[in-house]
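A short write-up of the structure that comes next.
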Amino acid sequence: FPSHDNQAELSAEEQQELEKLRAIIEQASVDGVITQGEREGITLAMRSDGKVTLEELELVRTLITEKVSKGELVLDYL
């Protein structure tokens with residue numbers, strides 16, 4: 001895959017949404033567990049602008065899915 005910075009393609013509003021989502025995920029992850037309520041909050045944040053972007057999905061993959069696979073984070077709703 002060619003390496004390029006997708007951040008430059010985002011509008012200021014999209015960038016702000018992404019940063020807000022990052023903060024919500026990081027706050028939810030602080031205790032090492034994502035609860036059902038935290039998961040719903042993350043999902044709501046992703047959908048707040050009426051669309052889920054690839055950047056948002058990538059953020060979730062990086063901050064949640066990869067940490068779960070490494071054993072750094074537990075999902076408490078499965």
Side-chain angles (χ1 to χ4, degrees):
F1 292 101
S3 176
H4 61 282
D5 186 10
N6 286 337
Q7 302 291 331
E9 299 169 17
L10 296 177
S11 70
E13 187 178 321
E14 289 170 327
Q15 188 65 45
Q16 193 174 12
E17 291 283 330
L18 207 54
E19 287 308 312
K20 195 186 323 181
L21 178 61
R22 176 186 298 276
I24 290 168
I25 293 172
E26 288 176 349
Q27 181 62 43
S29 303
V30 165
D31 60 359
V33 177
I34 301 281
T35 64
Q36 177 71 32
E38 289 167 336
R39 177 182 175 271
E40 288 169 7
I42 291 165
T43 302
L44 282 173
M46 288 175 69
R47 295 181 176 160
S48 66
D49 59 356
K51 61 184 185 293
V52 176
T53 65
L54 288 173
E55 290 80 12
E56 288 171 332
L57 293 172
E58 179 66 16
L59 197 61
V60 167
R61 189 182 68 76
T62 304
L63 295 180
I64 298 177
T65 311
E66 286 182 5
K67 288 185 177 185
V68 169
S69 68
K70 292 179 191 171
E72 298 171 3
L73 192 59
V74 174
L75 303 179
D76 191 28
Y77 54 84
L78 297 176

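All values reported here derive from a predicted model rather than from experimental measurement.
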Checklist entry - Given K51 and E17, is the side-chain contact (heavy atoms from CB on, under 4.5 Å) satisfied, shown in steps? => result CA-CA 11 Å; K51 61 184 185 293; E17 291 283 330; over 6 Å; no

Distance in Å, [X] [atom1] paired with [Y] [atom2], rounded so as to fall on 0.5 Å steps:
| X | Y | atom1 | atom2 | result |
| --- | --- | --- | --- | --- |
| K67 | T65 | NZ | OG1 | 11.5 Å |
| E9 | L54 | CD | CG | 10.5 Å |
| L44 | E40 | CG | CD | 7.5 Å |

Indicate the atoms forming the closest heavy-atom contact of [X] with [Y], along with that distance.
| X | Y | value |
| --- | --- | --- |
| V52 | E56 | CA-OE1, 3.2 Å |
| D49 | M46 | OD1-O, 3.5 Å |
| I34 | I42 | CD1-CD1, 4.4 Å |

Can you confirm whether [X] is buried at [atom1], in the sense that more than 12 heavy atoms of other residues, nucleotides or ligands lie under 6.0 Å from that atom?
| X | atom1 | result |
| --- | --- | --- |
| Q16 | CD | no |
| E13 | CD | no |
| Q27 | CD | no |

Item to check | Worked verdict on L73 versus E66 for side-chain contact (heavy atoms from CB on, under 4.5 Å) | outcome: CA-CA 9 Å; L73 192 59; E66 286 182 5; over 6 Å; no

Checklist entry - Do the side chains of V74 and V60 join up, straight or via other hydrophobic residues, at under 4.5 Å, putting them in one cluster? => result no

Checklist entry - Are V33 and I25 joined in one hydrophobic group, where the rule is that I, L, V, M, F, W and Y side chains link up if heavy atoms are under 4.5 Å apart? => result no

Checklist entry - Are the side chains of I64 and L75 in touch, meaning some heavy atoms are under 4.5 Å apart? => result yes

Item to check | Contact check, side chains of Q36 and D76, non-hydrogen atoms, under 4.5 Å | outcome: no

Checklist entry - Can R22 and L63 be said to form a side-chain contact (heavy atoms from CB on, under 4.5 Å), step by step? => result CA-CA 8 Å; R22 176 186 298 276; L63 295 180; 4.0 Å; yes

